Colleague: 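This is the structure I have questions about; it appears just below.
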Amino acid sequence: MVIVMDSEATPDHIDHIVDVVTTAGGTAYVTRGVSRTIIGLVGDVQQFETLDLRALPGVSDVLRVSVPYKLVSRENHDSRTVVRVGGVPIGGDHMTLIAGPCAVETPEQTLAAARMARAAGAALLRGGAYKPRTSPYAFQGLGEAGLRILADVRAETGLPIVTEVVDPADVELVASYADMLQIGTRNMQNFALLQAAGEAGRPVMLKRGMSATIEEWLMAAEYIAQRGNLDIVLCERGIRTFEKATRNTLDLSAVPVAQELSHLPVIVDPSHSGGKRDLVLPLSRAAIAVGADGIIVDVHPEPEKALCDGPQALVSTDLDQLADAVRTLPA
Ligand code: E4P
Ligand code: PEP
């Protein structure tokens, strides 16, 4: 059972709940988030039911959930969550296109990619300033200089920014530039990072770990939610299988499954799953057909010169076709 406190709840209200639960023989785990406090209860649920916890001062909701991911579960949530990123909705009836360079390389390259994205109707700009690379010798991103470029490009194009954070120590810095934090596949179970992102006061896009089950993915989202941040977007980006023809195997079934299990929006990254430019359009069409809430793609003005993931980056003509699919295919 989980108690969600309202934003006006005082420390006395919280202490009182802990007392009530403890007296009833249970244990209360209090997590104070930026905008709300969450109290997880462990013990005899039937005994808790008799306490009328909902009526106690400061309580916003009491959730009895049969799954381990209590806050992100569809249980107790009649409506699906719509996450707003710099005013742009993800979820509900919207199909949100997010596009931009895999990595921020130069101001010119980032602005050119952002203009391509905006011309195609993308509502958000993606771009990594901190790149998680397999090889320590590969381009690792520009760091804060990359964040500054993103902020300048946002000012120029009006596109809010989605950018990855890879280290808990950088969360505050990245959040001071970003409109949405991205947690990548390699960090899906970096619990300290998830918790720090949950406290950063920014929406979070959580990519599925390349070897994670859907339940593990939702439990990772729960770490963010438990810190008081329910503005989470799940992103299916392909999983590791025996198949070598694609970079990863896009698990399209994860979209409706995650939407059935969770109230969070689910988007798809056809670039990192297929790993090849020619696969991005068909995989995007498939993602839209299966009900994804959005698509996130890599674009680059000169993919052959890209410092990261050039073979999967779209050029303007591909992006226009993708934008057509996003506009015309029934969601
Ligand atoms: C890109 O966004 C990732 O950093 C990239 O896919 C990492 O892959 P690699 O380092 O194995 O090339
Ligand atoms: C990315 O989108 O930049 C990225 C690194 O993707 P993933 O974590 O899915 O590999």
Side-chain angles (χ1 to χ4, degrees), residues 85 90 96-105 109-110 113-114 117 122 124-143 146-147 149-150 161-167 170 174 178-190 193-194 197 203-212 214 216-217 220-221 224 232-241 244 246-252 254-255 258 266-277 279-280 283-284 287 292 294-300 303 305-314:
V85 182
I90 307 181
T96 309
L97 179 59
I98 307 172
C102 183
V104 174
E105 298 166 7
Q109 165 258 5
T110 307
L124 297 170
L125 174 67
R126 62 143 294 143
Y130 295 86
K131 295 306 300 176
R133 302 306 301 270
T134 305
S135 163
Y137 305 113
F139 177 60
Q140 306 283 312
L142 298 177
L147 296 175
I149 293 174
L150 284 169
I161 300 163
V162 183
T163 195
E164 182 161 358
V165 57
V166 298
D167 185 334
D170 292 333
V174 178
D179 297 284
M180 177 183 237
L181 298 176
Q182 174 174 327
I183 295 188
T185 193
R186 293 161 178 80
N187 272 311
M188 189 207 83
Q189 284 190 320
N190 180 338
L193 182 63
L194 296 170
V204 179
M205 178 175 64
L206 177 64
K207 291 191 139 191
R208 180 179 178 185
M210 60 183 89
S211 301
I214 293 171
E216 287 163 344
W217 187 22
I224 300 168
I232 305 165
V233 173
L234 300 168
C235 178
E236 161 61 39
R237 49 78 68 204
I239 51 174
R240 278 281 168 83
T241 66
K244 292 185 182 155
T246 50
R247 192 176 186 194
N248 295 279
T249 299
L250 180 59
D251 181 8
L252 282 171
V255 175
V266 184
I267 66 169
V268 166
D269 179 345
S271 305
H272 287 82
S273 43
K276 292 178 190 147
R277 183 169 310 118
L279 290 174
V280 174
L283 293 180
S284 300
I295 307 280
I296 178 167
V297 291
D298 289 2
V299 304
H300 199 290
K305 294 192 185 153
L307 299 180
C308 186
D309 290 350
Q312 68 196 30
L314 300 183

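Residue numbers run from 1 in the order of the sequence given. Bear in mind the structure is a predicted one, so any value in this text is a computation, not a measurement. Every number for a ligand or one of its atoms is a count from 1 in the order of the listing.
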Colleague: For ligand 1, which atoms sit closer than 4.0 Å to a heavy atom of R186?
Modeller: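 Per the distance check, 7 (C), 8 (O), 11 (O).
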Colleague: I need the nearest protein heavy-atom contact for atom 1 (C) of ligand 2: residue, atom name and distance, please.
Modeller: Q182 NE2, 3.2 Å
Colleague: How long is the gap from CD on Q182 to CE on M205, to the nearest 0.5 Å?
Modeller: 3.5 Å
Colleague: For A138 and ligand 1, answer yes if some heavy atom of the residue is under 4.0 Å from a ligand atom, otherwise no.
Modeller: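 Not so, A138 does not reach ligand 1.
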Colleague: Which atoms from ligand 1 have a heavy atom of C102 less than 4.0 Å away?
Modeller: 1 (C), 2 (O)
Colleague: Would you check if there is a donor-acceptor pair between the side chains of H272 and D309 at a distance under 3.5 Å?
Modeller: yes
Colleague: Any idea which protein heavy atom is nearest atom 6 (O) of ligand 2, and the distance to it?
Modeller: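 Of the protein heavy atoms, K207 NZ, 2.9 Å lies nearest.
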Colleague: What atoms in ligand 1 come closer than 4.0 Å to a heavy atom of C308?
Modeller: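 Reading through ligand 1 atom by atom, the close ones are 1 (C).
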Colleague: Under 4.0 Å from a heavy atom of R186: which atoms of ligand 2 are those, numbered in the order shown and with their elements?
Modeller: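 Numbered from 1, ligand 2 contributes 10 (O).
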Colleague: Could you tell me the residue and atom name of the protein heavy atom closest to atom 9 (P) of ligand 1, and the distance to it rounded to 0.1 Å?
Modeller: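 Checking every protein heavy atom, the shortest distance to atom 9 (P) of ligand 1 gives T134 OG1, 3.4 Å.
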Colleague: Which heavy atom of the protein is the closest neighbour of atom 5 (C) of ligand 2, given with residue, atom name and distance?
Modeller: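 Going atom by atom, the protein heavy atom closest to atom 5 (C) of ligand 2 ends up being E164 OE1, 3.4 Å.
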Colleague: What is the nearest protein non-hydrogen atom to atom 1 (C) of ligand 1, stated with its residue, atom name and distance?
Modeller: D309 OD2, 3.0 Å
Colleague: For atom 12 (O) of ligand 1, which protein heavy atom lies nearest, and how many Å away is it?
Modeller: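 The protein heavy atom lying closest is R133 NH2, 3.1 Å.
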Colleague: Looking only at protein heavy atoms, which one is nearest to atom 8 (O) of ligand 2, and what is the separation?
Modeller: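 Heavy-atom neighbour on the protein nearest atom 8 (O) of ligand 2: T185 N, 2.8 Å.
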Colleague: Using a 4.0 Å cut-off to any heavy atom of P132, which atoms of ligand 1 qualify?
Modeller: 3 (C), 4 (O), 7 (C)
Colleague: Students should be able to answer this: which protein heavy-atom is nearest to atom 9 (O) of ligand 2, and at what distance?
Modeller: R237 NE, 2.6 Å
Colleague: Could you check which of Q182, H272, K131, R247 puts a non-hydrogen atom nearest to atom 8 (O) of ligand 1?
Modeller: R247
Colleague: How far does OG of S271 sit from CZ of R126, to the nearest 0.5 angstrom?
Modeller: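 Reported to 0.5 Å precision, the distance equals 7.5 Å.
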Colleague: Between ligand 2 and R126, can you find any atom pair, the residue atom being a heavy atom, that is separated by under 4.0 Å?
Modeller: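 Yes, R126 has a heavy atom closer than 4.0 Å to ligand 2.
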Colleague: When rounded to the nearest 0.5 angstrom, what distance separates NE2 in H300 from SG in C308?
Modeller: 9.5 Å
Colleague: Short list, please: which atoms of ligand 2 are under 4.0 Å from a heavy atom of H272?
Modeller: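 Selected atoms, number and element: 1 (C), 2 (O), 3 (O), 4 (C), 6 (O), 10 (O).
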